[in-house]
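Below: one structure, written as structure tokens.
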Amino acid sequence: MIARYELRCSRCAKPALRHDAPCAACGELLEFALQAAPVDASAARAYVAMVAGRRAGNDPLDRSGIWRWRELLPPVPHDAIVTLAEGNVPLYDAPEIAAREGVAALAFLHLGMNPTGSFKDLGMTVAISAARAAGAGRAICASTGNTASSMAAYAARAGMEAYALVPRGKISGAKLAQMRDYGVRVVEVEGSFDDALAALTDGAHDGAAVVNSINPYRLEGQKCTAFAMLEARSWKVPDWVVVPGGNLGNSSAIGKGFREARALGLIDRLPRIAVVQAEGAAPFVTLYRSGTDLIPVVPRTIASAIAVGAPKSWRKARAELDASNGVAVAVSDEEIDAAKGRIGAAGIGCEPASAATLAGIVRLRADGILSASDDIVAVLTGHVLKDSDASVRVADRRDVGA
Ligand code: F0G
């Protein structure tokens with residue numbers, strides 16, 4: 001099974017010649033649109049068995065949880081591929097939390113268990129490989145810390161220089177240290193992530209490959225989250241997939257992955273997607289409720305990874321909610337901290353942005369949107385060591401019983 005992908009506008013569908021500029025007709029983000037007919041059930045089974053078998057091999061592409069699915073990715077010359085064996089992530093069952101919330105099943109797909117500790121690696125291996133294939137010598141991004149750490153590692157492996165624009169004083173010390181370890185050049189920008197991204201997209205970057213999630217190659221890697229989750233569940237589709245939302249690239253990518261799995265005949269229905277934002281950075285929840293276009297906000301939340309006030313991929317994410325009958329919900333910083341404490345106490349651990357998923361599940365259950373029969377997967381996006389200040393805050397509060 002080899003899928004074909006057409007690079008085109010995600011809004012007006014006009015074909016595009018290059019991936020590194022918005023649509024020439026309407027200015028929206030591009031996407032790689034799948035052009036393939038569904039295969040029959042036996043061909044689908046044979047394909048997923050072949051991909052599963054690759055795990056046992058020693059070829060670095062087969063060892064990658066992304067490149068194992070290479071027939072379902074836009075083509076990248078194999079000699080340009082930079083991989084750190086990303087994407088081999090665990091699905092942790094959490095029966096006690098499921099019972100406490102009164103749902104049938106809850107598991108955490110832990111994308112923090114990636115080489116640089118976040119889901120960004122899933123997309124970065126594709127974006128950096130494509131940039132390397134195109135001859136780029138430099139990579140650049142704006143970041144709340146995880147994108148930049150991932151970029152820095154993959155760029156270093158590719159022999160490329162890397163530049164990160166980060167909001168001054170608004171990212172975790174661990175992330176800043178990590179990206180510097182890989183040799184990135186850090187430029188601190190006043191304001192929020194949105195100001196850093198605006199500085200990047202408005203400015204000249206002189207041939208450097210922009211590897212934020214506006215780069216459609218990133219989302220192609222991240223869509224494999226859907227395949228990994230399905231594979232770990234023996235291709236049983238969950239009722240809900242719960243994802244934290246910042247710039248909204250990841251929720252868009254995961255929704256696309258499920259839609260493609262269905263279009264190819266690998267599954268026969270879609271899970272509903274729930275996007276969870278922090279209350280102080282919830283413009284997507286506002287537009288989901290009101291039906292308006294994006295109204296940017298100045299982001300404020302302790303979940304610094306998702307402190308994004310003007311998410312670039314909001315149209316894509318809205319399309320995924322429409323396709324999957326999904327929802328968007330906002331949670332408070334206190335709810336995020338409480339959820340982080342529970343995920344830690346379950347022996348799993350994650351950074352605050354990831355804990356927003358459990359906080360969202362609590363909210364959606366209380367609101368009656370999740371029901372007792374639901375089988376739920378929450379996507380944890382960042383490792384517990386990504387934000388140790390948050391761990392200290394949450395544990396101190398737990399210790400005094402507050
Ligand atoms: N969770 C974590 C741990 C993140 O780092 C991010 C985004 C998200 C969730 C949200 O994903 O932006 O695709 O909706 N971090 C970006 C960064 C902004 O620069 O590392 P999204």
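Reckoned from all heavy atoms, side chains included, excluding hydrogens, waters and symmetry mates. Ligands are counted one by one from 1 in listed order, and the atoms in each one are counted from 1 as well.
Considering backbone and side-chain N/O of Gln222, none are found under 3.5 Å from N/O of ligand 1. Distances between N or O atoms of Asn250 and those of ligand 1 include at least one value under 3.5 Å. For the pair Thr144 and ligand 1, the shortest N or O to N or O distance falls below 3.5 Å. Residue Lys120 has at least one N or O atom closer than 3.5 Å to an N or O atom of ligand 1. Taking any N or O of Ser354, backbone or side chain, none lies under 3.5 Å from an N or O belonging to ligand 1. For ligand 1, the polar-atom distance check finds no N/O of Gly245 at less than 3.5 Å from any of the ligand's N/O atoms. Between Gly246 and ligand 1, an N or O atom pair is found at a separation short of 3.5 Å. Considering both main-chain and side-chain atoms, Leu248 comes within under 3.5 Å of ligand 1 through a nitrogen or oxygen pair.
At the top of the distance list for atom 5 (O) of ligand 1, counting protein heavy atoms only, stands Asn146 ND2, 2.8 Å. Counting only heavy atoms of the protein, atom 20 (O) of ligand 1 lies nearest to Thr147 N, 2.8 Å. Of the protein's heavy atoms, Phe119 CZ, 3.4 Å lies nearest to atom 11 (O) of ligand 1. Atom 2 (C) of ligand 1 has Thr381 OG1, 3.4 Å as its closest protein atom, hydrogens excluded (heavy atom only).
Looking at Arg63 and Glu86, no side-chain N of the basic residue comes within less than 4.0 Å of a carboxylate O on the acidic one, giving no salt bridge. Salt-bridge formation is detected for the pair Glu320/Arg259: a Lys NZ or Arg NE/NH1/NH2 atom is positioned less than 4.0 Å from an Asp or Glu carboxylate oxygen. One finds a salt bridge joining Asp375 and Arg233 here, because a Lys/Arg side-chain nitrogen approaches an Asp/Glu carboxylate oxygen to under 4.0 Å. Taking the charged nitrogens against the carboxylate oxygens, Glu334 and Arg397 have no contact shorter than 4.0 Å, which rules out a salt bridge. For Glu31 and Lys316, the salt-bridge test fails: no basic side-chain N is under 4.0 Å from an acidic carboxylate O. A salt bridge is absent between Asp268 and Arg262: the closest approach of a Lys/Arg side-chain nitrogen to an acidic carboxylate oxygen does not fall below 4.0 angstrom.
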Can you give each donor-acceptor pair under 3.5 Å made by side-chain atoms of residues 296-303, sequence neighbours left out, with the distance rounded to 0.1 Å?
residue: Thr301; atom: OG1; partner: Ala303; partner atom: N; Å: 2.9
residue: Thr301; atom: OG1; partner: Asp333; partner atom: OD1; Å: 2.7

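Within the structure, the ring pair (Phe, Tyr, Trp, His ring centres under 6.0 Å) test picks out the following pairs touching residues 205-250 (sequence neighbours left out): His19-Tyr217, Phe32-Tyr217, Trp69-Phe227.
Using 4.0 Å as the threshold, Ser118 has no heavy atom nearer than that to any atom of ligand 1.
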